[in-house]
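These notes are about the structure you will find just below.
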Amino acid sequence: PLAPFGESWSGFSPSVDVVETDDQIKVSAELPGLEDKDIEVSLDRGVLTITGVKQEEHQEEGENYYRSERMYGSFRRAIPLPAEVNDEQAEAVFQNGVLTITLPKAEVVEGQKRISVKAE
């Protein structure tokens, strides 16, 4: 379907930035025209997935005509994360058309760890 003034919705894919620091990974996605209820964020086996549905209505009314268009599009972005994260402390905030997901890195135990052996 065509958006008003000939803009096409086919192939809608939001722009995503991934920034890694020493203690967290921050993912930002530009999602103009969406509301928080239109967005879903999930994390599975080191892959962050952002999905959403974009819907819009456009109506024009003139003296001798009435025009109404409805547009619908969906997207899915899967982002492999560069490090292990603590998914229990993950946070997603949607503000002014930008989704920001903060993922604290999981603590990595360095060195050798001894595992006790139990007899049964």
Side-chain angles (χ1 to χ4, degrees):
L2 291 179
F5 311 108
E7 298 172 14
S8 174
W9 275 30
S10 62
F12 172 71
S13 183
S15 173
V16 175
D17 290 326
V18 179
V19 177
E20 180 180 7
T21 64
D22 289 340
D23 59 348
Q24 70 181 7
I25 298 169
K26 191 172 276 196
V27 179
S28 300
E30 294 182 24
L31 305 172
L34 270 69
E35 296 180 23
D36 58 341
K37 65 180 176 61
D38 301 325
I39 304 164
E40 184 177 308
V41 179
S42 62
L43 181 61
D44 185 27
R45 291 177 250 175
V47 177
L48 178 72
T49 302
I50 304 170
T51 56
V53 177
K54 188 171 184 175
Q55 301 179 55
E56 189 172 307
E57 273 189 53
H58 178 75
Q59 297 180 356
E60 270 184 54
E61 196 168 336
E63 191 172 318
N64 295 323
Y65 70 94
Y66 177 78
R67 176 179 148 198
S68 177
E69 292 185 37
R70 291 188 182 145
M71 291 144 290
Y72 175 88
S74 63
F75 68 89
R76 180 178 184 271
R77 291 289 308 261
I79 303 145
L81 298 176
E84 292 291 319
V85 296
N86 182 344
D87 56 349
E88 297 292 321
Q89 295 180 359
E91 180 179 84
V93 176
F94 186 64
Q95 183 176 15
N96 298 326
V98 177
L99 175 67
T100 303
I101 304 161
T102 304
L103 304 154
K105 287 185 178 178
E107 289 186 35
V108 177
V109 178
E110 293 191 27
Q112 186 177 22
K113 182 180 178 184
R114 186 174 199 122
I115 300 171
S116 61
V117 178
K118 298 179 185 176
E120 290 189 15

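Excluded from the calculations below are hydrogen atoms, water molecules and symmetry mates; all remaining heavy atoms, backbone and side chain alike, are included. Everything numeric in this text was worked out from a predicted model, so none of it was measured.
Between L48 and V85 the shortest side-chain heavy-atom distance does not fall below 4.5 Å.
Taken from CZ in R77 to OG1 in T49, the straight-line distance is 11.0 Å, to the nearest 0.5 Å. Rounded to the nearest 0.5 angstrom, I39 CD1 and F94 CZ are separated by 4.0 Å. Between the CG atom in N86 and the CG atom in L103 there is a gap of 9.5 Å [rounded to 0.5 Å].
Applying the salt bridge (charged side-chain N to carboxylate O under 4.0 Å, His left out) rule to pairs touching residues 80-102 yields nothing, sequence neighbours excluded. Residues in residues 34-47 take part in no side chain to side chain donor-acceptor pair (under 3.5 Å) pair, two or more places apart or across chains.
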Start with the C-alpha distance between L34 and L99, add both sets of side-chain angles, then the distance that settles side chain to side chain contact (heavy atoms under 4.5 Å, CB included), and finish with yes or no.
CA-CA 10 Å; L34 270 69; L99 175 67; over 6 Å; no
For a side chain to side chain contact (heavy atoms under 4.5 Å, CB included) check, start with the C-alpha distance between L43 and L81, then their side-chain angles and the critical distance, and finish with the verdict.
CA-CA 10 Å; L43 181 61; L81 298 176; 3.5 Å; yes
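Partners of N96 by side chain to side chain donor-acceptor pair (under 3.5 Å), not counting sequence neighbours: none found. Listed by chain and residue number, E57, Y66 satisfy the side chain to side chain donor-acceptor pair (under 3.5 Å) test with Q59 (two or more places apart in sequence, or in another chain).
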Extract all donor-acceptor atom pairs below 3.5 Å that involve side chains of residues 16-29 and protein atoms in other chains or at least two apart in sequence.
from: E20; atom 1: OE2; to: K105; atom 2: NZ; distance (Å): 2.6
from: T21; atom 1: OG1; to: D23; atom 2: OD1; distance (Å): 3.0
from: T21; atom 1: OG1; to: Q24; atom 2: N; distance (Å): 3.3
from: T21; atom 1: OG1; to: Q24; atom 2: O; distance (Å): 3.3

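Cluster membership for F75 and V98, using ILVMFWY side-chain heavy atoms within less than 4.5 angstrom, is not shared.
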